[in-house]
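A, B, ... follow the sequence lines: proteins, then strands. Residue 1 opens every chain. Heavy-atom basis, side chains included; hydrogens, waters and symmetry copies ignored.
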There are 2 protein chains.
Amino acid sequence: MRVSREQAAANKERVIELAGQLFRERGFEGIGVADLMASAGLTHGGFYRQFESKNDLVVQACDRTLQTSVDRWHETVAREPETALVKIINRYLSEHARDVPSDSCALTSLAGEVPRQNNAALTEAFTRALKGFADALARVGPEATAEERYQQALTRLAGLVGAVILARTVSDPALSDEILAAARKGLTGPLG
Amino acid sequence: MRVSREQAAANKERVIELAGQLFRERGFEGIGVADLMASAGLTHGGFYRQFESKNDLVVQACDRTLQTSVDRWHETVAREPETALVKIINRYLSEHARDVPSDSCALTSLAGEVPRQNNAALTEAFTRALKGFADALARVGPEATAEERYQQALTRLAGLVGAVILARTVSDPALSDEILAAARKGLTGPLG
DNA sequence: ATTATCTATAGATCTATAGATAATGC
DNA sequence: ATTATCTATAGATCTATAGATAATGC
């Protein structure tokens with residue numbers, strides 16, 4: 001029954017990663033501790049040695065997946081500053097991002113639930129991530145001043161998040177594609 | 001115990017209206033049938049004579065509140081076509097809309113949960129409403145062609161929804177205000 | 001007689017805990 | 001000896017239903 005410390009740490013990692021995917025796919029209340037642990041090949045009783053509570057896991061899983069996304073944006077900006085804005089926008093508004101929430105930005109699948117969770121650490125994690133996303137965008141916007149680039153980085157981020165959410169909401173596939181295409185076009189150039 | 005048909009119909013109306021507010025405030029799973037009925041001054045047993053299921057109420061409540069919002073947009077467009085775009089944007093991105101989800105557009109509070117509900121009628125209601133919002137915006141956009149106005153109506157709608165969601169998510173009040181202000185500015189002028 | 005609402009409860013599900021078990025690590 | 005994981009369960013909550021009750025409406 002008992003495994004080595006190394007194995008236990010790896011198990012915990014696996015639970016955090018899996019939770020990050022399942023929360024994005026089904027929402028915070030769409031997956032329970034028992035089912036999550038079973039998906040990780042464990043029983044639910046063991047959960048509470050690794051995590052203080054489900055809320056604790058929610059924070060760790062979101063922090064993990066958000067930081068991964070923010071880091072990827074900053075890497076893109078650092079590696080190819082000229083094309084980074086278009087790259088980031090096209091990746092964010094891809095059909096894959098729309099169709100596979102478990103593999104796309106947590107802002108699109110979970111931000112709407114955050115204010116209802118009464119979880120200060122969770123709100124902090126999302127706030128920190130949002131600043132990270134905006135900072136990355138502000139480095140590559142087409143606007144003239146830094147102030148304006150930052151302002152429009154916030155607008156672009158809002159547009160990206162909203163477009164993915166709406167594209168997932170509608171039943172009409174052609175309309176869903178149109179939403180993504182329109183936002184790709186509308187958010188790339190100068191705004192306002 | 002029993003009330004008149006008229007009173008029963010009024011009670012049903014009250015439940016639908018209240019549900020529309022509570023779902024927007026707490027999410028579909030944030031309010032149960034018993035608590036909802038108690039808030040309406042009734043007991044939960046009576047619910048199932050008026051509604052087939054909780055899912056049935058979810059559809060009726062969303063359809064009601066979404067249609068109300070769409071109608072208000074179209075009224076604004078009809079009454080003051082010159083200033084309608086700015087009026088709609090400033091109302092959508094107001095502090096009141098951010099701070100009182102129970103009194104603002106259901107897209108901002110509930111769209112993210114729709115794809116997870118496995119409820120075709122609900123998805124249809126949101127799709128219909130989204131087309132209504134986009135049609136209203138397409139009538140008042142600053143773009144040259146109708147085609148372009150419709151495309152950018154979708155982008156503007158995405159930006160509006162995303163901005164409210166993100167403004168509610170962050171813990172930093174100044175940042176929250178900045179998100180709203182940036183989107184008000186960035187979404188009003190020509191896009192792309 | 002009909003029916004809108006009430007009381008009571010079945011059945012499912014979820015978080016968290018208690019105590020047992022067996023392998024690790026000193 | 002310690003501890004990661006397991007089995008079992010307490011306690012809370014939620015949707016939906018069954019049957020009783022009392023006022024409406026014919």
Side-chain angles (χ1 to χ4, degrees), chain A residues 1-23 25-62 110 113 116-122, chain B residues 1-23 25-62 110 113 116-122:
Chain A
M1 293 183 117
R2 186 180 170 195
V3 301
S4 71
R5 264 177 218 176
E6 231 173 276
Q7 185 57 247
N11 286 349
K12 183 176 179 180
E13 282 297 299
R14 202 164 71 254
V15 170
I16 292 173
E17 284 292 331
L18 193 55
Q21 290 176 28
L22 289 168
F23 288 145
E25 189 178 310
R26 309 185 197 173
F28 295 130
E29 287 155 48
I31 178 76
V33 171
D35 285 344
L36 168 69
M37 291 296 276
S39 295
L42 299 164
T43 58
H44 69 288
F47 179 86
Y48 291 90
R49 176 163 295 272
Q50 303 286 8
F51 302 96
E52 200 181 294
S53 65
K54 188 184 177 185
N55 256 343
D56 176 27
L57 172 66
V58 161
V59 174
Q60 292 197 46
C62 286
L110 296 172
E113 298 187 31
R116 297 172 190 144
Q117 298 295 308
N118 267 37
N119 184 334
L122 182 67
Chain B
M1 291 181 118
R2 186 181 170 195
V3 302
S4 71
R5 265 178 217 174
E6 231 173 274
Q7 185 57 247
N11 286 348
K12 183 175 179 181
E13 281 298 299
R14 201 165 72 256
V15 170
I16 292 174
E17 283 293 331
L18 194 55
Q21 291 176 29
L22 290 169
F23 288 146
E25 188 178 311
R26 310 186 196 173
F28 295 128
E29 288 155 49
I31 178 73
V33 170
D35 285 344
L36 169 69
M37 290 296 276
S39 295
L42 299 164
T43 57
H44 68 290
F47 178 87
Y48 291 91
R49 177 164 295 271
Q50 304 286 8
F51 302 96
E52 200 181 294
S53 64
K54 188 183 177 185
N55 256 342
D56 176 27
L57 171 66
V58 161
V59 174
Q60 292 196 46
C62 287
L110 295 172
E113 298 187 30
R116 296 172 191 145
Q117 298 294 310
N118 266 38
N119 184 333
L122 182 67

Value in whole Å for how far the C1' atom of dA16(D) lies from CZ of Arg49(B): 14 Å
Who pairs with dG19(C) - Watson-Crick or G-U, where each distance is under 3.5 Å: dC6(D)
Arg2(B) side-chain proximity, nearest of dT5(C), dT2(C), dA4(D): dT2(C)
Candidate nucleotides dG25(C), dT7(C), dA16(D), ranked by approach to the side chain of Ser53(B) - the nearest: dA16(D)
Touch class at under 4.0 angstrom, heavy-atom based, for Thr43(A) against every strand present: base
Atom-pair distance (CZ on Phe51(A); P on dC14(C)), nearest Å: 18 Å
Nearest-neighbour nucleotide for the Ala8(A) side chain, dA4(D), dA16(C), dA16(D) considered: dA4(D)
Touch class at under 4.0 angstrom, heavy-atom based, for Gln50(B) against every strand present: sugar-phosphate
Given dT5(C), dC26(D), dT5(D), the nucleotide with the shortest approach to the side chain of Arg5(B): dC26(D)
pair Glu25(A)-Gln21(A): side-chain heavy atoms closer than 4.5 Å: no
Distance below 4.0 Å between Asn11(A) side-chain N/O and dA4(D) OP1 or OP2: no
Whole-Å gap separating P (dT5(C)) and CG (Leu36(B)): 13 Å
Sugar-phosphate, base or nothing in reach of Gly45(B), heavy atoms under 4.0 Å: base
Given DNA chain D, 5'-ward residue of the pair Val3(B) and Asp35(B), judged by closest heavy atom: Asp35(B)
N or O in side chain of Tyr48(A) less than 4.0 angstrom from dT17(C) OP1/OP2: no
Distance in angstrom units between Ile31(B) CD1 and dC14(D) C1', rounded: 12 Å
Whole angstrom value for the distance that separates C1' of dT3(C) from CD of Glu6(B): 16 Å
Atom pair distance, as rounded to whole Å: NE2 in His44(B) and P in dC14(D): 11 Å
Separation of atom CD in Gln7(B) from atom P in dG25(D), rounded to whole Å: 11 Å
